[in-house]
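First comes the structure, then the notes that go with it.
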Protein chains: 2
Amino acid sequence: MKKYIYSFNGEKTEGDASHMNLLGGKGANLAEMARLGIPVPPGFTITTECCNAYLRTRGDYPKEYSGQFKMAMSLLEASMDLSFGDPDNPLLVSCRSGGRQSMPGMMETVLNVGLTSGTIPGLIKKTGNGRFVYDSYRRLIMMYADVVMEKAEGIEAGKEGGIRHQLEKILLEFKEAQGVADDADLSEAHLKEICVQFNARVKKVLGREFPDSPQEQLEGAIGAVFKSWNGKRAKSYRRIEHIPAEWGTGVTVQAMVFGNMGETSATGVAFTRNPATGENTFFGEWLPNAQGEDVVAGIRTPSPINEATKRENTQGVQSLEMSMPKAYKELEAIRHTLEYHYKEMLDIEFTIQKERLFMLQCRIGKRTGTASLVMAMDMLEEGLINKITAIKRVKPHQLHELLHPIVDPSEEGRATILTQGLPAGPGGAFGHIAFTSDEAVELAKTHPNVILVREETNPEDIEGMRAASGILTARGGMTSHAALVARGWGKCCIVGAGDIVIHPSFKKMQIGKKIFNQGDILTLNGSRGRVYEGKLNMVDATEDPRFQAFMTMADAYRTMGVRANADTQADAMVAKSYGAEGIGLFRTEHMFYNAGPENPLFILQKIILSDTDSERRTAIHELAPFVKREIKETMKEMDGMPVTLRTIDPPLHEFVPHSRAKQLELAEALGVDLNEIKRRCEGLQESNPMMGHRGVRLGISFPDITEMQVRAIFEATAELVKEGHNPQPEIMIPVTCEVKELVFIRKIVHQTCDEVTRQYGLAGLVYKFGTMIEIPRAALMANHMAELAEFFSFGTNDLTQLTYGFSRDDAGEFIPTYLDENILPADPFQTLDPSGVGELIKIAVERGRATRPDIKIGICGEHGGDPASVRFCFQAGLDYVSCSPYRIPIARLAAAHAAIEASESPFNVREKHAIPETPLCPPFSMVHPGHTSKPPTPI
Amino acid sequence: MKKYIYSFNGEKTEGDASHMNLLGGKGANLAEMARLGIPVPPGFTITTECCNAYLRTRGDYPKEYSGQFKMAMSLLEASMDLSFGDPDNPLLVSCRSGGRQSMPGMMETVLNVGLTSGTIPGLIKKTGNGRFVYDSYRRLIMMYADVVMEKAEGIEAGKEGGIRHQLEKILLEFKEAQGVADDADLSEAHLKEICVQFNARVKKVLGREFPDSPQEQLEGAIGAVFKSWNGKRAKSYRRIEHIPAEWGTGVTVQAMVFGNMGETSATGVAFTRNPATGENTFFGEWLPNAQGEDVVAGIRTPSPINEATKRENTQGVQSLEMSMPKAYKELEAIRHTLEYHYKEMLDIEFTIQKERLFMLQCRIGKRTGTASLVMAMDMLEEGLINKITAIKRVKPHQLHELLHPIVDPSEEGRATILTQGLPAGPGGAFGHIAFTSDEAVELAKTHPNVILVREETNPEDIEGMRAASGILTARGGMTSHAALVARGWGKCCIVGAGDIVIHPSFKKMQIGKKIFNQGDILTLNGSRGRVYEGKLNMVDATEDPRFQAFMTMADAYRTMGVRANADTQADAMVAKSYGAEGIGLFRTEHMFYNAGPENPLFILQKIILSDTDSERRTAIHELAPFVKREIKETMKEMDGMPVTLRTIDPPLHEFVPHSRAKQLELAEALGVDLNEIKRRCEGLQESNPMMGHRGVRLGISFPDITEMQVRAIFEATAELVKEGHNPQPEIMIPVTCEVKELVFIRKIVHQTCDEVTRQYGLAGLVYKFGTMIEIPRAALMANHMAELAEFFSFGTNDLTQLTYGFSRDDAGEFIPTYLDENILPADPFQTLDPSGVGELIKIAVERGRATRPDIKIGICGEHGGDPASVRFCFQAGLDYVSCSPYRIPIARLAAAHAAIEASESPFNVREKHAIPETPLCPPFSMVHPGHTSKPPTPI
């Protein structure tokens, strides 16, 4: 017979924390606590399977349910020595939801179930506390009418709002009329009167009497909780969090304990450690004479539970520690027991009924990235967890916080969002507005903090972007120029803030009705895409001294290499400091954006726009020493480590000048007229430049440019060798689709290498020759590509574009719809598509290795810094990932996680916190001998 | 011991026509003729393997060569009863090249080898014809000095030109000085004097004496022929024709026979049937008292060989038939023997030495498309070949000629090419120039022939393109808008003629230094991309009455379906007349280009540029009846056959107006101002529109447009059913990459079908739902796509773009270089890439069928009409190909060829004309009892 109901109480507890899928998080952890002897009000959990059956049949329970339910209620009544609906000795229960994964506030709860005209007098008599009983009753009416009678029935709110809103209004007006400020100051008579008004309003609005039968109340409450799984909020949340609809929720029916039984009663929530900082101090809030919902709902302001966590503004209030020292000590003990047992920081809910402590919930607590790392290292030192667990405790993306200054969360919480855009570069920044690159550079000379605000950015804005603390654009997506550059530099950046209307010529911009001038101050939260007016303080994400230790520990488990995408010596330095083991992508064209006194971009423009071979050759000759120097400096910085140098990649049109002034300057330098320059620039325009004349196609059309780049690499290498260094250049050809392209380029490389070797009087030069795999055909032809290529590097940005046929510059028009409609599980430019793009990668790896078993294979797209994508790369057998310097720690940790996961397979599907770790948890009684596993004394 | 030399003579012939690869075409066919007893001067062929060895070692022969060569020379001397270099009885030989595949004029030949101061007197004495001997000697000097002493040594021509040019000049000046018009009128003394002058010039220019040793001459000649395989001309030709360098050439050394021995001697070339028309008449030219080179080189004008083929301008000259009736009759007999033996039309060379006929060469003759078809059908009727051979004789691409009027080849031969572009639309056209679409329409009202000349075309030019006889653009590639539209209509079109500078506002254009005005006349050869000034006549490619019979015969062998890409009822009619078995691609957006009084494009523009949902809905409502009517008419035309209707595909920006006038009109219609319309149009612009917001992405963003299109299809279907027709709609979704896109659209389709079914009171509607496979990811995910798709249609244009990362609009910048450098074997937009794109197709077919075994799979890209691609589609197991109506016969024939080839496998690698067919060839002597297999009488 299938079991749909699992009881937990002092006598008998069925299920434990490992039953998360069946009982939901709340039910499973209540059972676990009961097993540990922690005081938990007895009850039972109806399984998620029952929920699914109920929802599938639109309201029918499995046939086994009824018998099991009666049995569980009897058990509960027996353990409480109370009887549900009994006029003299009534049991009250709560009905609470609990999914496999926490969905805070998304589903429903009904408390105080069982209060009726039949049970109220007996309960008053028994407790001698009429105020408490009517307070509980008015809570029941509010919750029940809302959750069961209105929402679960699908009744839409009328003009005057939902029933809950109307009842709250009655309560408010009543308090005003009586001159009562706080709920706690309402008398028994007040509350009784309120209940009368509530019942009348319920009947009027919902057309039927508030149910006065305990059984009807209970049935209604259970059904309503089930139905709330398919409520609007729950459904949207599931879509966002990718929680399958098939999981369902459990319902926990539990004996009520009361925090609202007077001044010796209380309720609260706490974290076993500080979830913001990770500090090992007990951290929580409480309210005397209240039920749990009051804390969560923010109706009354709760106080800190202990003295240690009091802040400036809470010095005057009473802590639980001081008010109820005995209960607090007990709570402290339970805190240790739970942490010792779960080996985790927990988020707990408790109620104190007449000085007696009960635990109502425990779950793994959410925390910041900093806190994750601190707790992991602390618990490792405490011997609570082992190294592998410590490493797994920090999610790679949480490291973002540690790597960038952020807007002070407390200030941000109070500030009003001015507008929003896409979170393109992480961290926070504030500064004075500049509307052009030149202005930004100028302003930065006198003001340390500048925010560059542009319609969108292009390579000519580079100087301004570098000078600015933050970048804000009105257009562009997550992979637009601004976003790419900003992330590469680890700079705060928000793109595509569509509300902004910029008038650069007037040095003004408009957001909504507000006008901002040059020099006005903005604050950006680049991690969330939020823009604020004025200055918010930054929190310097102080590098935890244990950050390095943590990363070193993680590295010991990592098997895949991590390199950086870096284009300058400065980038290379940063990359090394973050632990890069080489450069996986040096974009040779990026040096041209560097408008120093040599103005290399200008020379490049001359090369591109020259009309004759001899003009071009002259310009190439002029550029060569600059290229060599840049390459040499970077290789020197990375001495002894591989540096992958990609030959020219973007279409030439990207380099030519757009402004009239720069075109004129070029026209003069080339001795042709402006119209001719314009004509030549326009001639380079393409319909679909992404698929146009670029990469190796340029390298083949203009072999002299290829030759110049390759010569610069070899000369730099030769000079470094002669200077006693150990350069390891890897020449990488982009945008290939056919091995014969490599044959063509390889010939130039060979010949140039021979010439340079002779020229420097060396015996030979050590280098690797390889190709990007970023065109679907190159992946399919990888067996041929590997005939010449000694390494592959997946350019997953382009590979994703071509595999999907999505232009990343244009996909912003439809990807949001695709995500909303669940057509795509994630933006494939953020997280590597494992099915389509992933298959091409797997094909290429397999075929490449079939031809050349020792071929080195990596990835150098934006995905190299995305944890899920790093995991995929590991599974696909790649040798390394390469990402922007600021993402290197993230990639290192993600790679360590992937390796650990693989070593743990096939067990990695088990509930992590259910896996006992040494030392095994001692029984609760050993730690707290005062506690027994007996149920709480019935009220 | 490896055999490097194969002899042929009356006594002993080694090798035959099947030794084509080893002996080259010339050698193999000479051996074959010798075996047939046809009079062939004896000789031997040095193999292509020897050539390769010689070239590889830069001039060394394999060690076996020397012995074999001596033996072969002895045999030759013995069979001729002459001796090479013998002063009294000298043998003269020719050295001729011969590759596996004919490379006309690309390699070298040396005749009359063996004439020296030692052999000349004896030969004069023996023949009593000093004039002949000195004529032969001056020919030897000219050829040998050029081929062996200059070219083979790599000596570059000086200021006065190459040695041949200088010797020709001497000859010419001599004739002028002597007042002699024709070579034949030079006397012995003249020729002797010329030889003296020649020898002097050779020494002066080339620095050494003309060799006077027969052995030296022969060695030099053989080596020079080998070297000519790697000559400049031969290499370029090989690159163009994709002939591997490894094939090498054979050298045939053969006893000289002399057509220049006086008036009873002659030389000529002939085709066994008319190669232009296919007519079964003997067709050739001859010259009395000449050597073969004179005919080929065009120094003298040859005469028709017989009376039957005399034309107006050759009525006065002597035919061989009349001049030498005996030799002619013998030639006629050989003609029949060869055709009977080879079952083919042959191209032959002959020499008559003192009334005695010798055959010097035979090979399969080149022919026009018309001739191919006529000959195939004639030979089938004659019982010479069977049906399969007849079908294989016509190459699919040759049908082009039969389907379009062409420029009269004889006129074109004389005309000067004005400029060239890409051959985008086949056939020929002449007409008056118009520079705008409107002008073209206007001009066409008074002049039947108009050539529309545009910078490039866009949908707004459609009317003008339709009105014009031919289209010429200065920009764009083979798949540009103009090219696609023109080919779809079977219209003559040249695109990308970059030399043209157009000034539409001045109604002028410039080509080089020439100015053309509106109304001037041009002629286009769209099959070759050539533009001529003025009018050249067109030849109406008269439909051979046997064309239909031929196609029907081919269809009997065809197993793959052929459908048309057709967007209107008119297209559908044409398609049916060419044998389409359905429509494989109806582009629903094409109807909008049809600027009739309803102006659907304008309504569509309103839909696209409307700002509110209600505006859009109104416009959609307005458009719906028009869409339904167009679809209904086409389905009615194709009654009983499947019609695949593709939902909207191109990015919206393609539809919006570009001209100020049209934008203004739209602004008024929508009640907004011009700037707003401009802004909305610009808002639709994309960086890479090919990969942007298009196809199913639009269908998902604007479900109401999808719904309208689908409803139109179903309503048209319902109405046709009610009218007693049998419509077979297939709804096809473009640009998909993920099955969930199909899920989204499928829901709309289902619901709309249900609604229409109810609305028309029908029990149901029969239709198919399917998808294009044109995105690499869709191919990879084909197993999932097939869960919903009942058919796949490969959009190989886009699939090629994305698989290669080539934008077809931009690839013109580098594809020519790629073809020149042999990086690509062919333009992948012309011929389907079997490796990369092909693998994706094979993957999709396999995975699609794994999910849905009866899934119907076709192709609807431009490749559907390319024979090599059709062959690939057959091999990949596709059910049908779809192409533009005018290509249907080509696709039908290509599909028949593919099926035949498959049925013949594994024998299809054998030399086709070497496979004997019933009836077996009788021995030559049976037909011509007068002939024996004896060698010719020695001279």
Side-chain angles (χ1 to χ4, degrees), chain A residues 651 684-698 700-701 735-741 743-744 774-781 784 798-815 817-818 821-825 828 833 835-840 843, chain B residues 651 684-698 700-701 735-741 743-744 774-781 784 798-815 817-818 821-825 828 833 835-840 843:
Chain A
L684 292 170
Q685 238 157 7
E686 296 182 299
S687 305
N688 295 288
M690 196 268 127
M691 307 164 75
H693 198 186
R694 54 179 290 239
V696 72
R697 301 164 196 172
L698 289 174
I700 288 170
S701 297
V735 199
T736 52
C737 65
E738 164 59 50
V739 68
K740 286 185 181 165
E741 294 171 321
V743 172
F744 185 101
E774 55 187 332
I775 304 275
R777 196 173 188 275
L780 293 166
M781 309 298 279
H784 295 291
D798 281 359
L799 193 58
T800 299
Q801 292 199 84
L802 293 168
T803 305
Y804 273 93
F806 286 177
S807 157
R808 64 185 181 194
D809 292 327
D810 306 311
E813 280 293 315
F814 56 87
I815 283 189
T817 311
Y818 269 44
E821 295 288 347
N822 235 327
I823 291 168
L824 290 177
D833 160 41
S835 345
V837 181
E839 180 169 4
L840 285 177
I843 286 174
Chain B
L684 292 170
Q685 237 156 8
E686 296 182 299
S687 306
N688 296 287
M690 196 268 126
M691 306 164 76
H693 198 188
R694 54 178 290 239
V696 71
R697 301 163 197 171
L698 289 174
I700 289 170
S701 297
V735 199
T736 52
C737 65
E738 165 60 50
V739 67
K740 286 184 183 168
E741 294 170 322
V743 172
F744 186 100
E774 55 188 332
I775 303 275
R777 195 173 188 275
L780 294 167
M781 310 297 279
H784 295 292
D798 281 359
L799 194 58
T800 299
Q801 292 200 82
L802 293 168
T803 305
Y804 273 94
F806 286 177
S807 158
R808 63 184 180 194
D809 292 327
D810 306 311
E813 280 292 315
F814 55 89
I815 284 189
T817 310
Y818 270 45
E821 295 289 347
N822 235 329
I823 291 169
L824 291 177
D833 159 42
S835 346
V837 181
E839 179 169 6
L840 285 177
I843 286 174

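Predicted model, so just to flag it, every value in this text is computed and none were measured. Chain letters run A, B, ... following the sequence lines, proteins first, then strands; residues in each count from 1.
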Quiz prompt | pair A/Leu824-A/Phe806: side-chain heavy atoms closer than 4.5 Å | solution = yes
Quiz item: Non-hydrogen atoms of chain B under 4.5 Å away: do they reach the side chain of A/Glu821, the backbone, both or neither?
Solution: side chain
Quiz prompt | For chain B, the option from A/Gly805, A/Pro689, A/Ala778 that forms the most heavy-atom pairs under 4.5 Å | solution = A/Gly805
Practice problem: Tell me, for A/Glu741 versus chain B, whether the close heavy atoms (under 4.5 Å) come from the side chain, the backbone, both or neither. | Solution: both
Quiz prompt | A/Phe814 side chain near A/Ile823 side chain, heavy-atom distance below 4.5 Å | solution = no
Practice problem: Keeping the roles fixed (side chain from B/Asn688, backbone from A/Ser807), state whether a donor-acceptor pair exists under 3.5 Å. | Solution: no
Quiz item: Hey, what do you get for CZ (B/Arg808) to CD1 (B/Ile815), rounding to the nearest 0.5 Å?
Solution: 11.5 Å
Quiz item: Do you know which of B/Asn822, B/Asp833, B/Leu802 has the most heavy-atom pairs with chain A at a distance under 4.5 angstrom?
Solution: B/Leu802
Quiz prompt | B/Glu738 portion near chain A, given a 4.5 angstrom heavy-atom threshold | solution = side chain
Quiz item: So, A/Arg697 side chain and A/Gly692 main chain: donor-acceptor pair closer than 3.5 Å or not?
Solution: yes
Quiz item: So which of A/Leu840, A/Thr817, A/Thr803 has the biggest tally of heavy-atom pairs under 4.5 Å with chain B?
Solution: A/Thr803
Quiz item: To the nearest 0.5 Å, how far apart are CE in B/Met690 and CE in A/Met691?
Solution: 5.5 Å
Quiz prompt | B/Ser687, part contacting chain A, at a heavy-atom distance under 4.5 Å | solution = both
Quiz prompt | Interface moiety of B/Asp798 toward chain A, non-hydrogen atoms closer than 4.5 Å | solution = neither
Practice problem: Could you have a look at B/Ser835, B/Ala811, B/Pro651, B/Ala779 and say which one has the most heavy-atom pairs with chain A under 4.5 angstrom? | Solution: B/Ser835
Quiz item: Tell me, side chain or backbone of B/Met781 under 4.5 Å from chain A's heavy atoms, or both, or neither?
Solution: side chain
Quiz item: Which residue out of A/Gly836, A/Gly812, A/Gly695 racks up the most heavy-atom pairs below 4.5 Å with chain B?
Solution: A/Gly836
Quiz prompt | Partner of A/Phe744 under side-chain contact (heavy atoms from CB on, under 4.5 Å), chosen from A/Ile700, A/Val696, A/Val739 | solution = A/Ile700
Exercise. Sort B/Glu774 into side chain, backbone, both or neither according to what part of it lies under 4.5 angstrom from a heavy atom of chain A.
Key: neither
Practice problem: Could you tell me whether the side chain of B/Asp810 and the main chain of A/Glu686 form a donor-acceptor pair under 3.5 Å? | Solution: no
